[in-house]
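Here the structure comes first, spelled out in structure tokens, and everything after it is commentary.
Every heavy atom of this structure was used, including side-chain atoms; hydrogens, water molecules and symmetry mates were not.
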Amino acid sequence: MTTPESESPPTTATQRITVKVVIRVGDKVQFEESKRWWKVRAVSDDGNFAILTSPFNLHKTVHYTIIDNGRGVRGPDDRIFSGGYESDDDVNERMRELVAGEIAVSKRMSRCLPLDIAKVVNA
């Protein structure tokens, strides 16, 4: 028999927990604050980083975001002029740079967003 003191407090709608979501290359991801769908283009071997892109047809290029699981955030890289994320070769080179520590997810608060994944559609 449990006593009221040993019971855990009730949860409320404002409490949050961190949930690890498994994503793989080819999956599509949607974040809480946007209706935009992002395609997973690369995931580091240790699962710390993922690079996602979304078409930007007006300029015939892509938007990109990098997931940093260690910090629980996503955002652009920390370079003023990044090397590009359009082709598979570009994305693989950026992933190599991330893993090597040559680039990182921007730490500027105006560019860095919480990692709030709303939906994942497996490839």
Side-chain angles (χ1 to χ4, degrees):
M1 186 166 152
T2 60
T3 62
E5 295 83 28
S6 65
E7 293 177 12
S8 60
T11 59
T12 66
T14 59
Q15 288 180 319
R16 299 186 81 151
I17 60 169
T18 302
V19 178
K20 294 278 185 179
V21 176
V22 176
I23 57 174
R24 296 174 184 84
V25 172
D27 289 353
K28 292 184 180 179
V29 174
Q30 191 175 50
F31 297 101
E32 289 286 339
E33 80 289 339
S34 172
K35 293 183 185 217
R36 176 186 301 273
W37 283 94
W38 299 83
K39 183 176 181 183
V40 179
R41 300 279 303 277
V43 177
S44 63
D45 290 338
D46 60 7
N48 282 336
F49 300 106
I51 298 174
L52 294 78
T53 61
S54 183
F56 185 42
N57 295 329
L58 182 64
H59 291 280
K60 296 184 170 118
T61 188
V62 296
H63 289 291
Y64 76 94
T65 191
I66 303 169
I67 292 175
D68 181 339
N69 267 329
R71 291 175 41 216
V73 297
R74 70 177 183 94
D77 64 36
D78 59 356
R79 300 294 182 237
I80 294 172
F81 300 107
S82 64
Y85 291 83
E86 289 78 18
S87 73
D88 289 340
D89 289 340
D90 291 341
V91 169
N92 291 333
E93 180 61 19
R94 297 301 81 72
M95 182 58 74
R96 186 200 63 74
E97 293 171 346
L98 276 166
V99 171
E102 296 170 20
I103 64 173
V105 176
S106 177
K107 291 182 173 56
R108 292 185 292 164
M109 294 307 290
S110 63
R111 305 287 306 245
C112 196
L113 300 169
L115 187 55
D116 289 333
I117 295 176
K119 297 176 189 169
V120 175
V121 176
N122 299 111

Quiz item: Is there a donor-acceptor pair under 3.5 Å between the side chain of Gln30 and the backbone N or O of Lys35?
Solution: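 At least one qualifying donor-acceptor pair exists.
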Quiz item: Within the side chain of Ser54, is there an N or O that forms a donor-acceptor pair under 3.5 Å with the backbone of Trp37?
Solution: yes
Interatomic spacing from [atom1] in [X] to [atom2] in [Y] - rounded to 0.5 Å:
X	Y	atom1	atom2	value
Asp89	Arg94	CG	CZ	10.0 Å
Leu52	Lys39	CG	NZ	11.0 Å
Ile117	Ile23	CD1	CD1	5.5 Å
Ser106	Asp68	OG	CG	11.0 Å
Glu93	Glu102	CD	CD	7.5 Å

Quiz item: Between Val120, Val43, Val40, Asn122, which is the residue that forms a side chain to side chain contact (heavy atoms under 4.5 Å, CB included) with Arg24?
Solution: Asn122
Quiz item: Arg71 pairs by side chain to side chain contact (heavy atoms under 4.5 Å, CB included) with which of Ile67, Val73, Asn69?
Solution: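 For Arg71, the side chain to side chain contact (heavy atoms under 4.5 Å, CB included) test succeeds with only one of Ile67, Val73, Asn69, which is Val73.
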Considering only heavy atoms from C-beta outward, does the side chain of [X] approach that of [Y] to under 4.5 Å?
X	Y	answer
Trp38	His63	yes
Asp78	Val105	no
Lys119	Lys28	no

Self-check item: salt bridge (charged side-chain N to carboxylate O under 4.0 Å, His left out) against Asp88, all qualifying residues, sequence neighbours excluded
Solution: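 Per chain and number, Asp88 pairs via salt bridge (charged side-chain N to carboxylate O under 4.0 Å, His left out) with Arg41.
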Quiz item: Where is the tightest heavy-atom contact between Leu98 and Ala104, given as atom of each residue plus distance?
Solution: CD2-CA, 4.0 Å
Practice problem: Kindly give the heavy-atom pair with the smallest separation between Ala42 and Val91, and that separation in Å. | Solution: CB-CG1, 3.6 Å
Quiz item: How about Ser44 and Asp46: does a side-chain donor come under 3.5 Å of a side-chain acceptor?
Solution: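 Yes, a side-chain donor-acceptor pair sits under 3.5 Å.
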Quiz prompt | Test side-chain contact (heavy atoms from CB on, under 4.5 Å) applied to Met95 and Val99, step by step | solution = CA-CA 6 Å; Met95 182 58 74; Val99 171; 4.1 Å; yes
Quiz prompt | The single option from Thr53, Asp90, Asp77 passing side chain to side chain donor-acceptor pair (under 3.5 Å) against Tyr85 | solution = Asp77
Quiz item: Relative to Phe31, does Arg74 satisfy both conditions: NZ or CZ under 6.0 angstrom from the six-membered ring centre, and within 45 degrees of the ring's axis?
Solution: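 Ring-cation test returns yes.
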